[in-house]
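Handing you a structure now.
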Amino acid sequence: MAINDTRESVQRVVDELFAQGILTAHVEATLERPKSREHGDYATNVALVAAKSSSLPPRELAHQIAERLSADPAFTDVSVAGPGFVNIRLSAQTQGEIAERVVHLGSGYGRNDALLGKSFNVEFISANPTGPLHLGHTRWAAVGDALARVLAAAGADVTTEFYINDRGVQMDKFGASVMAAASGEAVPEDGYHGGYILDLAAQINREHPEFRQLPAEEQLVAFREEAYALQWQQQKDVLELFRTHFDVWYSERKLYDSGAVERAQARLEEQGHVFESEGALWLRTTTFGDDKDRVLIKENGERTYFAADTAYYVDKRMRGFDTAIYLLGADHHGYVNRLRAVAACAGDDMDENIEILIGQMVKITRGGVEVKLSKRSGQIVTLEELVEEVGVDAARYTLARYPVETPLVVDLEEIARKANDNPVFYVQYAHARISSVLRNAEDIGAKWRESEFIPELLNSDQENELLGVIEKFPAVIATAAELREPHRVARFLEELASAYHGFYDACRVLPRSDEELGSVHIARLWVCAATQQTLANGLELLGVSAREKM
RNA sequence: GCGCCCGUAGCUCAACGGAUAGAGCAACCGGUUUCUACCCGGUAGGUUGGGGGUUCGAUUCCCUCCGGGCGCACCA
């Protein structure tokens, strides 16, 4: 029996009490998994909530509900506890059926329709193409990609997008830095100083010796464009290595070339929020909660970076997305109000059509000593270096298992040294362990799939616990998607792995050498297969590999 | 000065307004003749930064103070 069926049973009882006048208001029943298993498989606080609209005290009301629920054969035990909780325990048979269902659903288990019909544009990283991606970007790579996968698993239509800031002063500084390095000159004081600049310069010198014969101005453009192409490719390669896929790479230049900037301005003017003052063109964002109005076109006729931001937002909406989700670092939180105001100025609902997730910074330590990050001074820890030290699985998992609003401290030495203590290995090990058991089952000819599955044989505490955890998976995905918190999937996997290890320790799966293969072994093999499938599906959402062996 | 985020066990962090605040690491004690011990069980460790409020119930919501991080451009 799924959680929804149980909830409906409770709802029916509540409705009955309403019909009989014991309750004077209609109350929506909610069901939850108690933290403690001692409280049963499910619990409802409906009596506590409904007590206000009843003449009965909460506990008395709870007893009335419990008494009626007891009549349902799917429940073996219904009791009242604490201030008025109703605890429900399912029969082993009802509970055990989940294993069969999971195996049959396969990689589709967990998918649900919580966000069916909604379309999202998820934008993250969006780094300048003037250097390698560093550890800060890596967090958004892991979280953004996992979020996109989770939203899709909840039935949403999702497009991932990377915005390339390939226009403006920084690009020229980048070009000038590479050009200087290529001529063996000192990089300008306000340029980029990392070792990668020297590498880019060397490569361009090798492949395009003719560049240095060009007049200074043309030479700058040539170096800038070539360095941009190489650096962008490098970013794409590294993200590919990191299993982070972008459906769209959106260039700021394209925004201008396609006329999107003018279109956005026209849209904002139609809505009546644009005005002229002091020789500049402004957007009245203060109407919608911003601290100050923002300039779109400067006194000197140039468009601001903000103008591009507005155009980009409007363009996303014109491409048909219901909601534009932005993942931004805490150093950009000042943008939240103005971006939301942009949405409102464009005539949209700023609570519905735009969502900005602010992620806190990742502090890096090495042996307890903080590593300062600064791209321009060249002191960086790159995504690539992190992957080399700890691997893609550990990196992705470690960064995805915390809520983004948590400032994170990652010690590189610790991750590298204690790789085996990382929760990702604990989860992967559970998957590998099951794979081994199933291989052994095949070796001894245990054809569990073709054998009768008798769910009521799964009646130990550990089996009940494990099945209960497996059953939560679709709800976990739905919650993770609705709250935009993919870390919930990782936490769930740790709980699931723990429940499996506990089961494995207490319940022998395969027959011992002196035993015959029996129905209990078959039933437990179904449980193993269901657990393995759930682990694999969850790891897939995080972009972490489900290993067959370790 | 104004604004946003954070403050939970020695450390890194969980806990969509629920029951006795939980995991991992570190510390201590125990467990495997047989399916992967990279595992399992147990002990110890807390005024959830302080103080008010909201309600059946607050780590969670509101106010205030303290501490830390980050932002407050006709920069990009």
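Nothing here was measured: the structure is a model prediction, and the numbers come from that model.
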Confirm from the modelled atom types if D166(A) and A76(B) form a donor-acceptor pair under 3.5 Å, side chain to base only. no

Counting heavy atoms from C-beta on, name the nucleotide in A14(B), C38(B), G18(B) closest to the side chain of L48(A).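 Nearest to the side chain of L48(A) among the choices is G18(B).
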
Test salt bridge (Lys or Arg N to Asp or Glu O under 4.0 Å) applied to R33(A) and E471(A), step by step: CA-CA 10 Å; R33(A) 285 273 173 189; E471(A) 210 271 326; 3.0 Å; yes

Residue-phosphate contact under 4.0 Å: H487(A) side-chain N/O, A15(B) OP1/OP2: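 For A15(B), OP1 or OP2 has a side-chain N or O of H487(A) closer than 4.0 Å.
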
Please work out if P407(A) contacts a base, only the sugar-phosphate, or nothing of the nucleic acid, heavy-atom cut-off 4.0 Å. sugar-phosphate

For G1(B), which nucleotide in any strand shown is its Watson-Crick or wobble partner with both distances under 3.5 Å? C72(B)

If you take atom types as modelled and just measure distance, does the side chain of N45(A) reach the base of G18(B) with a donor-acceptor pair under 3.5 Å? yes

How would you label the contact of R401(A) with the nucleic acid (heavy atoms, under 4.0 Å): base, sugar-phosphate, or nothing? nothing

Is Y426(A) close enough to C40(B) that one of its side-chain N or O atoms is under 4.0 Å from OP1 or OP2 there? yes

G49(B) and A15(B), which share atom name P, separated by this distance in whole Å: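 The same atom, P, in both gives a distance of 15 Å.
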
If the cut-off is 4.0 Å, is N440(A) near the phosphate of U36(B), judged by side-chain N/O to OP1 or OP2?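 Yes, N440(A) has a side-chain N/O under 4.0 Å of OP1/OP2 on U36(B).
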
Any side-chain N or O of K173(A) under 4.0 Å from OP1/OP2 of A76(B)? no

Distance, rounded to the nearest Å, where D291(A) contributes CG and G71(B) contributes P: 16 Å

Between K298(A) and A73(B), is there a contact of a side-chain N or O with OP1 or OP2 at under 4.0 Å? no

Regarding N87(A), tell me which of base, sugar-phosphate or nothing describes its non-hydrogen contacts under 4.0 Å with the strands shown. base

Watson-Crick or G-U wobble mate for A58(B), both contacts under 3.5 Å: none

If you look at every strand shown and take non-hydrogen atoms under 4.0 Å, does K292(A) touch a base, only sugar-phosphate, or nothing? sugar-phosphate

Taking it one step at a time, do V86(A) and Y42(A) satisfy side-chain contact (heavy atoms from CB on, under 4.5 Å)? CA-CA 8 Å; V86(A) 177; Y42(A) 294 110; over 6 Å; no

Does the side chain of N165(A) reach to within under 4.5 Å of the side chain of Q170(A), using non-hydrogen atoms?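 No, every pair of side-chain atoms sits at 4.5 Å or beyond.
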
How about I164(A) and Y250(A): do any of their side-chain heavy atoms sit closer than 4.5 Å? no

Which whole number of Å gives the distance between the P atom of G68(B) and that of A19(B)? 33 Å

Mind checking E515(A) for me? I need base, sugar-phosphate or nothing, with any heavy atom below 4.0 Å counting as a touch. nothing

With sugar-phosphate meaning primed atoms plus P, OP1 and OP2, does C528(A) contact a base, only sugar-phosphate, or nothing at under 4.0 Å between heavy atoms?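 It contacts nothing in the nucleic acid.
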
Describe the nucleic acid contact of E299(A) in one word from base, sugar-phosphate, nothing, applying a heavy-atom distance below 4.0 Å. base

When rounded to the nearest Å, what value does the distance between C1' atoms of C11(B) and A26(B) take? 8 Å

So, does R488(A) get its side chain near the phosphate of C16(B), meaning an N or O under 4.0 Å from OP1 or OP2?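 So the side-chain polar atoms of R488(A) do come within 4.0 Å of the phosphate oxygens OP1 or OP2 of C16(B), strictly under.
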
Measure CZ/R59(A) against P/G57(B) and give the value in whole Å, please. 17 Å

Do R396(A) side-chain atoms and L542(A) backbone N/O form a donor-acceptor pair below 3.5 Å? yes

Nearest-Å distance for atom pair CG/P, residues L496(A) and A14(B): 21 Å

So H333(A), base contact, sugar-phosphate only, or nothing? Heavy-atom distance under 4.0 Å.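 It contacts base atoms.
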
Keeping the roles fixed (side chain from Q235(A), backbone from N128(A)), state whether a donor-acceptor pair exists under 3.5 Å. yes

Stacking here means centres under 5.5 Å and planes under 30°; does Y504(A) stack on C35(B)?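 Yes, aromatic ring over the base.
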
Work out how far the C1' atom of C29(B) is from that of G67(B), and round it to whole angstrom.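 Pairwise C1' distance, C29(B) against G67(B), rounds to 39 Å.
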
What contact category does A43(A) fall into here, base, sugar-phosphate, or nothing, at under 4.0 angstrom with non-hydrogen atoms? base

Are the side chain of T285(A) and the backbone of A341(A) linked by a donor-acceptor contact shorter than 3.5 Å?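 Pair absent, no side-chain N/O of T285(A) close to backbone of A341(A).
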
Nearest-Å distance once atom C1' is located in both G10(B) and G53(B):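 Per the computed distance, 34 Å lies between those C1' atoms.
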
Report which part of the nucleic acid I444(A) touches: base, sugar-phosphate, or nothing (heavy-atom distance under 4.0 Å, all strands). nothing

What's the gap between C66(B) and G52(B) when it is taken at their C1' atoms, as a whole Å value?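 Going atom to atom, C1' in each nucleotide, I get 15 Å.
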
Between D293(A) and E485(A), who's closer to the 5' end of RNA chain B by nearest nucleotide? E485(A)

Whole-Å distance separating the CG atom of D393(A) from the P atom of C38(B):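 For the pair D393(A) CG and C38(B) P, the rounded distance is 19 Å.
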
Is F85(A) stacked on the base of A19(B) when the test is centres under 5.5 angstrom and planes under 30 degrees?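 Stacked: ring centres under 5.5 Å, planes under 30°.
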
How far, in whole Å, is A9(B) from G42(B) if one measures between their P atoms? 23 Å

State whether the distance check finds a donor on one side and an acceptor on the other, under 3.5 Å, for side chain Y163(A) versus base A76(B).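 Answer is no: no donor-acceptor pair is held.
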
Find which nucleotide of RNA chain B each of V509(A) and N165(A) is nearest to by heavy atoms, and output the residue with the more 5' nucleotide. V509(A)

Evaluate whether the aromatic ring of H39(A) and the six-membered ring of the A19(B) base sit under 5.5 Å apart, centre to centre, with an inclination under 30°.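 H39(A) vs A19(B): stacking yes.
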
Taking atom C1' in both C5(B) and G30(B), compute the distance separating them and give it to the nearest angstrom. 44 Å

Atom of G329(A), atom of I358(A) and distance for their closest heavy-atom approach: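 Result for this residue pair: O-CD1, 4.2 Å.
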
Applying the Watson-Crick and G-U wobble criteria at under 3.5 Å, what pairs with G22(B)? Answer none if nothing qualifies.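 C13(B) is the nucleotide pairing with G22(B).
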
To the side chain of F425(A), which of C38(B), C6(B), C13(B) is closest?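 Among the listed nucleotides, the one closest to the side chain of F425(A) is C38(B).
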
